[in-house]
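Convention: sequence-line order gives letters A, B, ...; per-chain numbering from 1. Everything numeric here is computed off the predicted structure, so don't read it as measured data.
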2 protein chains.
Amino acid sequence: MASDNRRIKKKRQSTPFEGQPSELAGVLADLRTAKGLSLRQVEEATDKAVSNAYLSQLENGKIKKPSPNVLHHLAATYAVPYEALMEKAGYLLPAEPGGKRRQRLAAFAIDDLTAEEEEELLKYLAFLRSRS
Amino acid sequence: MASDNRRIKKKRQSTPFEGQPSELAGVLADLRTAKGLSLRQVEEATDKAVSNAYLSQLENGKIKKPSPNVLHHLAATYAVPYEALMEKAGYLLPAEPGGKRRQRLAAFAIDDLTAEEEEELLKYLAFLRSRS
DNA sequence: CCAGACTGCTCAATCGATCAAGCAAATTTA
DNA sequence: TAAATTTGCTTGATCGATTGAGCAGTCTGG
């Protein structure tokens, strides 16, 4: 199963990580045929969450970005990691091979603070800013 | 600003990880006010990717699930990790299965602080914790 | 006190994701 | 071979996300 028509001009700023146009399409099609499932069988497997009509369009790249919800159901059905599909769809960055973690947090973790303490902290923050 | 009306019957199977109804709403509102930005300023900051009208509805929980695209822009604007917002929106599982200590999004951002100020703030945070 | 500049917010209209139906080509069954 | 099934696919309608425009309230300077 080849992949071909790639001529679309995407001018509109759309999604997070503009990845391969529809690499996803091929992947989905392959996964399904690999499992030997028909469109309707998948529809059934996803408990009607993904219609056969929609899946068809998806596999044929006639559709841009399926919702994370749809991807979640498909991932479950094909027994592949959800994040993988999310990535193919361009919702997530290509997972670090080396298992690199965490991005720089610009915000703090303050879960353990009480409401009062948090307020104090904010007050202090305001104070810091007021000095500028 | 409290949070209240939560009586809606969610029968329709909707998104991946059904998380807190609209915890996201509050977080977004907090992040913005923390940064001292107006709705329109954010709209501008996101390069028109998120309208002030929409953000308003989002912060007031009048809207369910913003697209990952929107979250991506907001994350950038508020300088918080994209994945964090994705999680709040229910698109991703609560990160790190291994590391128990989860980082929560602070209700404020500190991008505008100088390195020195940030350090002072952290020191103060440590102080608060030491009192517990 | 008024103009102008902001602010948050609502509401009608738009746009894309998603579905219900139905259609033609295979395949199967009898 | 004809009826019944099944399969991939297209199309019209629906629904929710997102926006454009406008409205009332606040605040500042003249």
**Asked** Does DNA chain C take part in any stems of at least 3 consecutive Watson-Crick or G-U pairs (both distances under 3.5 Å), and if so, which ones?
**Response** C:1-30 with D:1-30
**Item:** Contact summary for B:Gln41 and B:Gly36, nearest pair of heavy atoms
**Value:** OE1-O, 3.7 Å
**Message:** Within the structure provided, determine whether B:Leu39 and B:Arg32 are in side-chain contact (heavy-atom separation under 4.5 Å).
**Reply:** yes
**Prompt:** CG of B:Asn69 versus P of C:dG16: gap in Å, rounded?
**Reply:** 13 Å
**Message:** Distance check needed: D:dA17 P versus B:His72 NE2, whole Å only.
**Reply:** 21 Å
Restricting to nitrogen or oxygen on both sides, can you table the protein-nucleotides 9-11 of chain C pairs closer than 3.5 Å?
residue, atom, partner, partner atom, Å
C:dC9, OP1, B:Asn60, ND2, 3.2
C:dC9, OP2, B:Ser56, OG, 3.2
C:dC9, N4, B:Arg40, NH2, 3.3
C:dC9, N4, B:Asn52, OD1, 2.9
C:dT10, OP1, B:Lys62, NZ, 2.4
C:dT10, OP2, B:Lys62, NZ, 2.8
C:dC11, N4, B:Gln57, OE1, 3.4

**Prompt:** Got B:Val80 and B:Leu74 here, is their nearest side-chain heavy-atom distance under 4.5 Å?
**Reply:** no
**Message:** Please find the pair of heavy atoms, one from A:Ser67 and one from A:Tyr91, that lie closest to each other, and give the distance.
**Reply:** CA-OH, 4.2 Å
**Message:** Which heavy atom of A:Glu43 sits nearest to which heavy atom of A:Thr46, and what is that distance?
**Reply:** O-OG1, 3.0 Å
**Request:** Take atom CD of A:Glu44 and atom P of D:dT6, then tell me their distance rounded to the nearest Å.
**Result:** 12 Å
**Request:** Would you kindly give the CD1-to-C1' distance between A:Ile63 and C:dG16, to the nearest whole Å?
**Result:** 9 Å
**Request:** Report the residues that fulfil side chain to side chain contact (heavy atoms under 4.5 Å, CB included) with B:Asn60, sequence neighbours left out, ordered by chain and then residue number.
**Result:** B:Lys62
**Pair B:Arg40 + B:Glu44, salt bridge at N-O below 4.0 Å** = no
**Item:** Close side-chain approach of A:Leu37 to A:Thr77, heavy-atom, < 4.5 Å
**Value:** yes
**Request:** Report the distance from atom CG of B:Leu58 to atom C1' of D:dA17, rounded to the nearest whole Å.
**Result:** 9 Å
**Minimum side-chain heavy-atom gap B:Asn69-B:His73 below 4.5 Å** = yes
**Prompt:** Within this structure, what is the CD-to-P distance between B:Glu43 and C:dT7, rounded to whole angstrom?
**Reply:** 11 Å
**Request:** Considering just the side-chain nitrogens and oxygens of A:Ser67, establish if one lies under 4.0 Å of OP1 or OP2 belonging to C:dA17.
**Result:** no
**Gap between atoms CG and P, on A:Leu55 and D:dT7 respectively (whole Å)** = 13 Å
